[in-house]
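Every heavy atom of this structure was used, including side-chain atoms; hydrogens, water molecules and symmetry mates were not.
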Amino acid sequence: MGNPLFWPMIAMAGLTFLVWLRMFQTRVGEMKRRRIHPQSVAQSAQMAQLVEDSRAADNFRNLFELPVLFYAAMLLCLQAGIDSVAILVLAWAFVALRALHSYIHCTYNRVMDRFKAYVLSGFVLWAIWGLLVWNWLG
């Protein structure tokens, strides 16, 4: 089964894939429904002006911000041979909070609910990095 730290990374990649599918579905659906020609949204500024529902696209971009540091931390743990149960638990907590953030962002999009999930996932990520450094030094 390999190192257990692979599974949270696979789950994050799976979440990113699901949001990508949702983005594709909503964007193409809206463009067809509103008869927006693809060339008229060739640049992000044009897309922002013409497409009304950007929730999934916005969330997709979010999945390449903090999660990049998550992937880096997991890969460093794997490389250094750090197999801490605490890091594994925090990794799954990060994935769960990012999934909650994505769900909120792609559905009802209440900013304060989304913000809470974002901040909590950030704290979890910094805890992962703290434990990674602690394990590495000790």
Exercise for the section: Identify the heavy atoms of Y71 and M9 that sit nearest to each other, and give their distance. Expected result: CE2-O, 3.7 Å

Problem - 4.5 Å side-chain heavy-atom contact, V95 and L15 - result: no

Problem - From CG (N3) to CD1 (I82), nearest 0.5 Å - result: 11.0 Å

Handout entry: Test item: L88 and W7 side chains (from C-beta on) under 4.5 Å apart, heavy atoms
Key = no

Practice task
Considering non-hydrogen atoms only, spot the tightest contact between F94 and S121 and give its length.
Solution key: CD1-O, 3.3 Å

Completion exercise
The reported gap from CD in Q49 to CE in M47 (rounded to nearest 0.5 angstrom) is 12.0 Å

Practice task
Return yes if some donor-acceptor pair links the side-chain N/O of E30 with the main-chain N/O of V51 below 3.5 Å, else return no.
Solution key: no

Exercise for the section: Kindly compute the distance separating CG (L66) from NE2 (H101), expressed to the nearest 0.5 Å. Expected result: 9.0 Å

Handout entry: side-chain contact (heavy atoms from CB on, under 4.5 Å) partner of I36, the single match among R33, R34, K32
Key = R34

Exercise for the section: Return yes if some donor-acceptor pair links the side-chain N/O of W126 with the main-chain N/O of G122 below 3.5 Å, else return no. Expected result: yes

Problem - Flag side-chain contact, heavy atom, 4.5 Å: D83 against P4 - result: no

Handout entry: Minimum side-chain heavy-atom gap I87-N135 below 4.5 Å
Key = yes

Problem - Minimum-distance pair of heavy atoms, taken over all atoms of A73 and L132 - result: O-CD1, 3.2 Å

Practice task
Indicate if V68 and V19 have the same hydrophobic cluster label, given that clusters are the connected sets of ILVMFWY residues with side-chain heavy-atom separations under 4.5 angstrom.
Solution key: no

Handout entry: Aromatic ring pairing F17/W20, orientation class (parallel under 30°, perpendicular over 60°, tilted between)
Key = parallel

Practice task
May I ask you to decide if L69's main-chain N or O and W129's side chain share a donor-acceptor pair within less than 3.5 Å?
Solution key: yes

Exercise for the section: Check whether more than 12 heavy atoms from other residues, nucleotides or ligands sit under 6.0 Å from atom CD of E65, and answer yes or no. Expected result: yes

Handout entry: Distance-only polar pair, side chains of Y118 and N62, donor-acceptor under 3.5 Å
Key = no

Problem - Any donor-acceptor N/O pair, N59 side chain to R55 backbone, under 3.5 Å - result: no

Exercise for the section: Indicate the atoms forming the closest heavy-atom contact of R27 with A57, along with that distance. Expected result: NH2-CB, 3.0 Å

Handout entry: Hydrophobic cluster membership, W134 vs L125, 4.5 Å side-chain cutoff
Key = no

Exercise for the section: Report yes or no: do L18 and V28 belong to one cluster of Ile/Leu/Val/Met/Phe/Trp/Tyr joined by side chain heavy-atom distances under 4.5 Å? Expected result: no

Exercise for the section: Find out if a path of hydrophobic residues (ILVMFWY) with successive side-chain heavy-atom gaps under 4.5 Å connects L5 to L76. Expected result: yes

Problem - Distance in Å, S102 OG paired with L97 CG, rounded so as to fall on 0.5 Å steps - result: 11.0 Å

Handout entry: Atom pair CZ (R22) and NE2 (H105), whose distance is rounded to the nearest 0.5 Å
Key = 12.5 Å

Handout entry: Joint cluster assignment, I128 & V133, ILVMFWY side-chain distance < 4.5 Å
Key = no

Handout entry: Short side-chain to backbone donor-acceptor contact, R110 and I104, under 3.5 Å
Key = no

Practice task
Give, for atom CZ of F70 and atom CG of L75, the distance between the pair rounded to the nearest 0.5 Å.
Solution key: 9.5 Å

Exercise for the section: Answer yes or no: are there more than 12 heavy-atom neighbours, outside F115 itself, under 6.0 Å from its atom CZ? Expected result: no

Exercise for the section: Measure the shortest side-chain to side-chain distance between K116 and L100 over non-hydrogen atoms and say whether it is less than 4.5 angstrom. Expected result: no

Handout entry: Non-hydrogen atoms of Y108 and D113 that approach each other most closely
Key = OH-OD2, 2.8 Å

Practice task
Work out which heavy atom in M74 is nearest to a heavy atom in A91; give both atom names and the distance.
Solution key: SD-CB, 3.8 Å

Problem - Non-hydrogen side-chain atoms of M31 and L50 separated by less than 4.5 Å - result: no

